[in-house]
Structures are given as C-alpha cells and as structure tokens.
Amino acid sequence: MSAPTAVGLRHELSFYTDAPSLLAVAVPFVQEGLAAGEPVLVAAPAPRLALLRAALGPAADTVGWADMGEAGRNPGRIIPWVLQAFADRHPGRRVRVIGEPIWAGRSAEEYPACAQHEAAINGALADRAMTVLCPYDAGRLDPGVLAEVAGTTVRLHVRRGDTS
C-alpha cells in the first residue's frame, strides 16, 4: 500500500535574469518531481520550453509540455485549462507544474488578468496536491510587475537561481 498523497498547494516564485539562472531553478524543480514519482508539466512560452527540453535531455520525454503562448493566451484559462486540468489527469497523485503566466511581450490588456491569475492560484488550488513554480524574468519585466506578483503570492517559497 502506498503512502497517502500530501494534499495542499505549495506555490513557489522564482526570479531569473537569463537562461542559466532559469535553468538553475527549473531543472532541479523538474528533476525533484520526477525522482519523487510526481507527474510534471512545464507551461511556459515556447522559447523557454525549448531551453528546458534541451537541458533535461532524455528526462524531457517524461514531462508534459504546454506552450503558454497558446494554452495561456487567455490568462483567465490558465487555472482551469492548464493547472487544474493537469492535476485532474492525475487523481490521487501530487503533481508538479512550472507555469510562467507573465513574460515580456504580454500586452497591456493581458497583464491585469495575469496578475489576477497569480493572486487567485492560492485560493483556487489550495486543496490540490500540487507544487507550482512560477518563474518571472527579472531582467525583462518591469520592477512594478515583479513587486505586484511577489505581493499577491500568499504561500510563497522563493527559489533564486544563481545569477552570477
């Protein structure tokens, strides 16, 4: 008999400034999930998907992938269509997701909905057996955006990549 799945959301935030600092956080996050037997989804803009796929090597074949430019084009769909849908496909199991909802190039119209999404994750998924890592490009996003995101993330564990 297997141990019961730990219920509850762990919502983490990471700031990166370049590809190496993103990989320093994202690759271990994925590897930890795979080592624990957790289903893993990476939902990010296409350029980051390619970067992470390459860095994960053969392990990339066991990860779910979603282009956030498509799946999250409408920010109001990220929680139900990306995060919750992935968890629903793995009932009784803790899942792990990298979700990058805000990136440089999002329109001014999309940003408020993305910020609301970030704030709503904690309430909408509080009872889900899920670990979500939301990376943000501190090198390209406005400092006000980063401050707002950090201020709305209630259950926050900050992971920082090595930016040296």
Side-chain angles (χ1 to χ4, degrees), residues 9-36 38-87 89-90 95-121 125 130-150 152-153 156-164:
L9 174 69
R10 181 171 175 153
H11 185 189
E12 302 182 5
L13 174 69
S14 175
F15 295 121
Y16 66 93
T17 55
D18 54 20
S21 64
L22 172 61
L23 293 175
V25 173
V27 170
F29 180 84
V30 170
Q31 291 172 332
E32 290 165 11
L34 294 175
E38 298 172 351
V40 176
L41 172 69
V42 177
R48 253 84 75 218
L49 293 179
L51 178 70
L52 288 164
R53 273 184 188 271
L56 288 167
D61 294 339
T62 62
V63 173
W65 300 93
D67 180 353
M68 195 63 94
E70 292 298 319
R73 183 169 48 197
N74 176 340
R77 294 180 178 166
I78 296 171
I79 291 173
W81 289 22
V82 179
L83 303 177
Q84 194 165 356
F86 183 70
R89 286 193 301 272
H90 303 283
V95 300
R96 192 171 279 241
V97 178
I98 293 178
E100 186 172 4
I102 301 173
W103 58 86
R106 277 277 201 189
S107 72
E109 293 79 28
E110 293 171 319
Y111 171 73
C114 290
Q116 290 171 344
H117 151 82
E118 190 65 56
I121 287 175
L125 302 172
M130 176 178 263
T131 303
V132 178
L133 172 64
C134 296
Y136 290 92
D137 187 345
R140 297 183 63 210
L141 290 171
D142 182 90
V145 169
L146 300 173
E148 185 173 353
V149 167
T152 60
T153 307
L156 174 66
H157 174 77
V158 177
R159 291 180 175 231
R160 295 199 183 269
D162 182 357
T163 59
S164 57

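As the structure is a prediction and not an experimental result, all values here were calculated from the model.
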Dump the intermediate steps for side-chain contact (heavy atoms from CB on, under 4.5 Å) on F15 and L146, then the final yes or no.
-> CA-CA 8 Å; F15 295 121; L146 300 173; 3.5 Å; yes
Stepwise side-chain contact (heavy atoms from CB on, under 4.5 Å) test for L34 and V63 | CA-CA 8 Å; L34 294 175; V63 173; 4.1 Å; yes
Trace of the side-chain contact (heavy atoms from CB on, under 4.5 Å) decision for I121 with I78 = CA-CA 10 Å; I121 287 175; I78 296 171; over 6 Å; no
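In this structure, OG1 on T131 lies 11.5 Å from CG on L125, to the nearest 0.5 angstrom. Atom OH in Y136 sits 6.5 Å away from atom CG in L13 (nearest 0.5 Å). Atom NE2 in H11 sits 8.5 Å away from atom CG in L83 (nearest 0.5 Å). Here D61 contributes atom CG and L56 contributes atom CG; the two are 10.0 Å apart, rounded to the nearest 0.5 Å. Note that CZ of R96 and CD of Q31 are 11.0 Å apart. Values are rounded to the nearest 0.5 Å. Atom CD in E38 sits 9.0 Å away from atom CD in E32 (nearest 0.5 Å).
Listed here is the closest heavy atom pair of V82 and A43: CG1-CB, 3.9 Å. The nearest pair of heavy atoms linking L23 to P28 is O-CD, 3.4 Å. Of all the heavy atoms in A26 and L133, the pair that sits closest is CA-CD2, 4.5 Å. Contact record, T17 with S21: N-OG, 2.8 Å, taken as the closest heavy-atom pair. Summarising the geometry of P45 relative to E100, their closest heavy-atom pair is CD-OE1, 3.5 Å, with the distance given to 0.1 Å. Scanning all heavy atoms of the two residues, the minimum distance from A44 to R48 falls at CB-CB, 4.0 Å.
Considering only heavy atoms from C-beta on, V40 stays 4.5 Å or farther from V97 through its side chain. Side-chain contact between R89 and P39: absent, with no pair of heavy atoms (C-beta onward) separated by less than 4.5 Å. Between V95 and F86, some side-chain heavy-atom pair lies under the 4.5 Å cut-off. Side-chain atoms of L22 and P135, non-hydrogen and from C-beta on, do get closer than 4.5 Å to each other.
The environment of W65 atom CH2 is dense: over 12 non-hydrogen atoms of other residues, nucleotides or ligands sit within 6.0 angstrom.
Distance alone, capped at 3.5 Å, places no donor-acceptor pair between the R140 side chain and the G105 backbone. Between the side chain of W103 and the main chain of G69, no donor-acceptor pair closer than 3.5 Å is present.
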